[in-house]
**Student:** 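I'd like to ask you about the structure that follows.
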Amino acid sequence: MSTNSNVRVRFAPSPTGALHIGGVRTALFNWLFARHQNGKFILRIEDTDQTRSTDESIRIIVDGMKWLGLDWDEGPFRQTERMDTYREHVERLVKAGKAYHCYCTPEELEMRRKKALADGRPPKYDRKCRSLTAPVPGRTPAVRFLSSDEGQTIVRDLIRGAVTFENQQLDDLIIQRSDGFPTYNFAVVVDDVTMKISHVIRGDDHLNNTPRQIQLYQALGYEPPQFAHLPMILGSDKTKLSKRHGATAVTEYIDLGYLPEALINYLARLGWSHGDQEIFSPAELIGSFALGNVGKAPSVFNAEKLLWLNHHYIQQANPDRLAGLVLELLKKDGVVSEGKEPDREWFKGLVKILIERSHTLVEMKNAAVPFIAGEVVLDEKAKAKHLTADVLPLLSELVARLKLVEPFVHAELEKVFNALVAEKGIKLGKLAQPVRVALTGGTVSPGIFEVIEVMGKEKTLQRIEAAIKQI
RNA sequence: GUCCCCAUCGUCUAGCCCGGCCCAGGACACCGCCCUUUCACGGCGAUAACGCGGGUUCAAAUCCCGCUGGGGACGCCA
């Protein structure tokens with residue numbers, strides 16, 4: 001494994017909404033690359049679009065990154081704080097005759113673009129303002145980069161190999177808007193240079209932007225960084241993953257009861273692999289990560305595999321940590337109120353018996369409710385099926401015997417049940433199911449002896465007696 | 001319309017660069033069986049893929065070409 005402390009990578013989201021799964025994957029690969037190479041990981045907020053950027057969104061990004069454990073070494077930097085740097089660079093290009101003012105309005109451009117498309121021509125800027133010698137009165141110009149029609153630009157991508165673009169295909173892109181803000185393609189170049197970014201690792205959807213950016217590096221007299229374009233994440237219909245495919249925001253996964261390590265592990269294996277290994281701790285991920293093992297083909301997001309991983313990590317998790325997380329969810333639902341928390345050790349015991357059948361924290365929370373709530377609501381179907389008149393004497397007998405059990409623990413409870421079942425010549429299920437319904441309200445729960453032990457003598461007797469009355 | 005990219009089980013993927021060990025391996029999901037006080041967990045097993053057509057070669061999932069299919073980009077968004 002080689003290390004190179006000159007490696008500097010960045011994650012550069014635009015703060016225009018949620019922290020998206022696709023963004024997280026990009027951030028993750030950058031982070032893994034930086035950590036593996038002993039380099040720096042920088043967080044940069046691309047907020048030059050004043051109309052869409054919000055502080056709220058920056059907060060969501062920062063919180064999401066923290067939740068995921070993707071820590072950064074520098075930043076978060078905001079592009080809007082670097083306006084002087086962009087202006088200087090624009091000036092330089094204009095002075096050098098490599099950029100020019102464009103007085104066409106967005107509306108005019110839009111019309112011409114539509115016409116070109118309708119005529120079957122490429123919707124390229126027609127370079128109308130290239131030959132202008134004087135300003136157009138009453139209009140504030142944007143600044144365009146003067147691109148060449150000659151030759152080709154080759155992107156040497158660490159994942160794709162060499163990708164060749166005919167310069168003829170590229171048009172005179174706007175580098176500074178009439179409002180004075182730089183556009184994306186220009187700001188990235190200036191930022192990546194001035195922040196000494198060594199490797200630009202980003203989504204595939206930027207591959208087409210790369211030749212333009214390379215030309216800007218050249219015009220500015222800078223050495224371009226190395227590029228690596230990650231394959232996209234697609235939805236089940238194989239189009240770019242978006243909201244309509246289901247949960248795509250990190251916050252949604254938090255709310256759904258996912259653990260960050262599950263999301264990290266899942267996303268890492270989407271487009272990257274290390275032999276047949278499926279389960280990776282963050283440390284293993286950092287140790288094994290290499291751009292060479294990143295695939296080229298886009299991959300479909302599969303929520304079921306993520307769920308499986310979440311189940312796996314819940315099994316692995318420290319019960320005390322889970323207890324804390326589940327408790328928070330119970331508070332959020334109003335099942336537990338602040339200051340009236342259950343005994344922590346007891347609650348941890350409860351969590352332990354719920355772990356095995358929980359795929360999410362939310363499932364665990366829901367399963368915990370009957371143990372916490374003062375009263376249990378009996379599911380009608382379950383009641384009709386299991387709390388019937390013929391089990392009445394059985395339950396009464398059980399109550400009488402349970403009163404004598406001491407200590408009230410799994411092994412002792414099992415003895416009582418087994419004895420009663422043997423005497424009556426019935427199967428354990430015949431007794432266990434009615435009790436389960438009486439205690440939890442439904443037909444699904446952990447093993448009946450675990451349930452009874454955790455629920456405790458008082459609550460157990462109370463609930464069975466309440467059920468008897470309802471029959 | 002133009003440009004760019006991609007192509008192994010339903011899905012994520014190994015193998016491909018350096019052809020033979022691959023009538024293709026692992027994982028998720030699905031199905032079956034076992035375990036069992038419910039539901040799960042777990043265990044065991046099964047079904048399932050090299051898009052198509054040409055080459056090159058003694059030999060191709062692996063190399064080359066074409067086709068088809070899919071994706072992405074063409075903004076005073078990023």
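So you know, we letter chains A, B, ... as the sequences are listed, proteins then strands, and number each from 1. Side chains are part of it too, since the values below use all heavy atoms of this structure and drop only hydrogens, waters and symmetry mates. In this text the structure is predicted, and so the values were computed from the model without any measurement.
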**Student:** Can you tell me, in whole Å, how much space there is between the C1' of B:A27 and that of B:G15?
**Tutor:** 16 Å
**Student:** Hey, is the side chain of A:Ser273 poking within less than 4.0 Å of OP1 or OP2 on B:A14, counting only N and O atoms?
**Tutor:** yes
**Student:** Does B:G51 pair with anything, Watson-Crick or G-U wobble, both distances under 3.5 Å, and if so, with which nucleotide?
**Tutor:** B:C67
**Student:** Between B:C30 and B:U37, how many Å separate the two P atoms, rounded to a whole number?
**Tutor:** 24 Å
**Student:** Parallel, tilted or perpendicular: which describes the rings of A:His274 and A:Trp272, with under 30° parallel and over 60° perpendicular?
**Tutor:** parallel
**Student:** With P as the reference atom in both, quote the distance from B:G25 to B:A61 in angstrom, rounded to an integer.
**Tutor:** 14 Å
**Student:** Considering only the C1' atoms, how many Å lie between B:A49 and B:C35, rounded to the nearest integer?
**Tutor:** 33 Å
**Student:** Expressed in angstrom and rounded to an integer, what is the separation of A:His274 atom NE2 from B:G26 atom P?
**Tutor:** 18 Å
**Student:** Indicate, yes or no, whether a donor-acceptor pair under 3.5 Å links the base of B:C39 to the side chain of A:Arg357.
**Tutor:** yes
**Student:** Pick the nucleotide of RNA chain B nearest each of A:Glu278 and A:Gln433; which residue has the one closer to the 5' end?
**Tutor:** A:Glu278
**Student:** On a whole-Å scale, what distance lies between the P atoms belonging to B:C9 and B:G51?
**Tutor:** 7 Å
**Student:** Which nucleotide, if any, forms a Watson-Crick or G-U wobble pair with B:U2, using both distances under 3.5 Å?
**Tutor:** B:A73
**Student:** Hydrogens and angles aside, do A:Arg82 and A:Thr194 bring a side-chain donor and acceptor to less than 3.5 Å of each other?
**Tutor:** yes
**Student:** Between B:G45 and B:A40, how far apart are the P atoms? Round to whole Å, please.
**Tutor:** 22 Å
**Student:** Scan nucleotides 67-78 of chain B nucleotide by nucleotide, 5' to 3', and note B when protein non-hydrogen atoms come under 4.0 Å of the base, S if they reach only the sugar-phosphate, - if neither.
**Tutor:** ----SBSBSBBB
**Student:** Work out how far the P atom of B:C5 is from that of B:C67, and round it to whole angstrom.
**Tutor:** 15 Å
**Student:** A quick test of your reading: do over 12 heavy atoms of other residues, nucleotides or ligands sit less than 6.0 Å from CD of A:Glu150?
**Tutor:** no
**Student:** Both distances under 3.5 Å, Watson-Crick or G-U wobble: report the partner of B:A27, or none.
**Tutor:** B:U11
**Student:** Looking at A:Leu230, A:Ile264, A:Asn30, A:Leu241, which hits side chain to side chain contact (heavy atoms under 4.5 Å, CB included) with A:Arg25?
**Tutor:** A:Leu230
**Student:** Among B:A27, B:C3, B:U37, which nucleotide has an atom closest to any side-chain atom of A:Phe449?
**Tutor:** B:U37
**Student:** Determine the Euclidean distance between corresponding P atoms of B:G26 and B:U47; express it in Å to zero decimal places.
**Tutor:** 12 Å
**Student:** In whole Å, I'd like the distance from the CD atom of A:Glu450 to the P atom of B:A40.
**Tutor:** 17 Å
**Student:** Counting side-chain heavy atoms from CB outward, which of B:U13, B:C4, B:U37 is closest to A:Arg269?
**Tutor:** B:U13
**Student:** Do A:Arg436 side-chain and B:U37 base share a donor-acceptor contact under 3.5 Å?
**Tutor:** yes
**Student:** Quickly work out the A:Ile233 CD1 to B:C5 P distance and round it to whole Å.
**Tutor:** 21 Å
**Student:** Between B:U37, B:A40, B:C12, which nucleotide gets closest to the side-chain atoms of A:Leu270?
**Tutor:** B:C12
**Student:** Quick one: which of A:Phe301, A:Tyr253, A:Trp308 gives a ring pair (Phe, Tyr, Trp, His ring centres under 6.0 Å) with A:Tyr266?
**Tutor:** A:Phe301
**Student:** Quick check: closest heavy atoms across A:Ala262 and A:Leu306, and the distance to 0.1 Å?
**Tutor:** O-CD1, 3.8 Å
**Student:** Using the salt bridge (charged side-chain N to carboxylate O under 4.0 Å, His left out) rule, pick out the option among A:Lys128, A:Arg130, A:Arg144 that qualifies with A:Asp172.
**Tutor:** A:Arg130
**Student:** A:Arg160 has a side chain; which of B:C5, B:U38, B:A29 sits nearest to it?
**Tutor:** B:C5
**Student:** Please compare A:Arg121 and A:Gly271 by the position of their nearest nucleotide in RNA chain B and report the one closer to 5'.
**Tutor:** A:Arg121
**Student:** In the strands shown, is B:C41 matched to any nucleotide by a Watson-Crick or G-U wobble pair with both distances under 3.5 Å, and which?
**Tutor:** none
**Student:** Counting only heavy atoms not in A:Gln168, do more than 12 fall under 6.0 Å of its CD?
**Tutor:** no
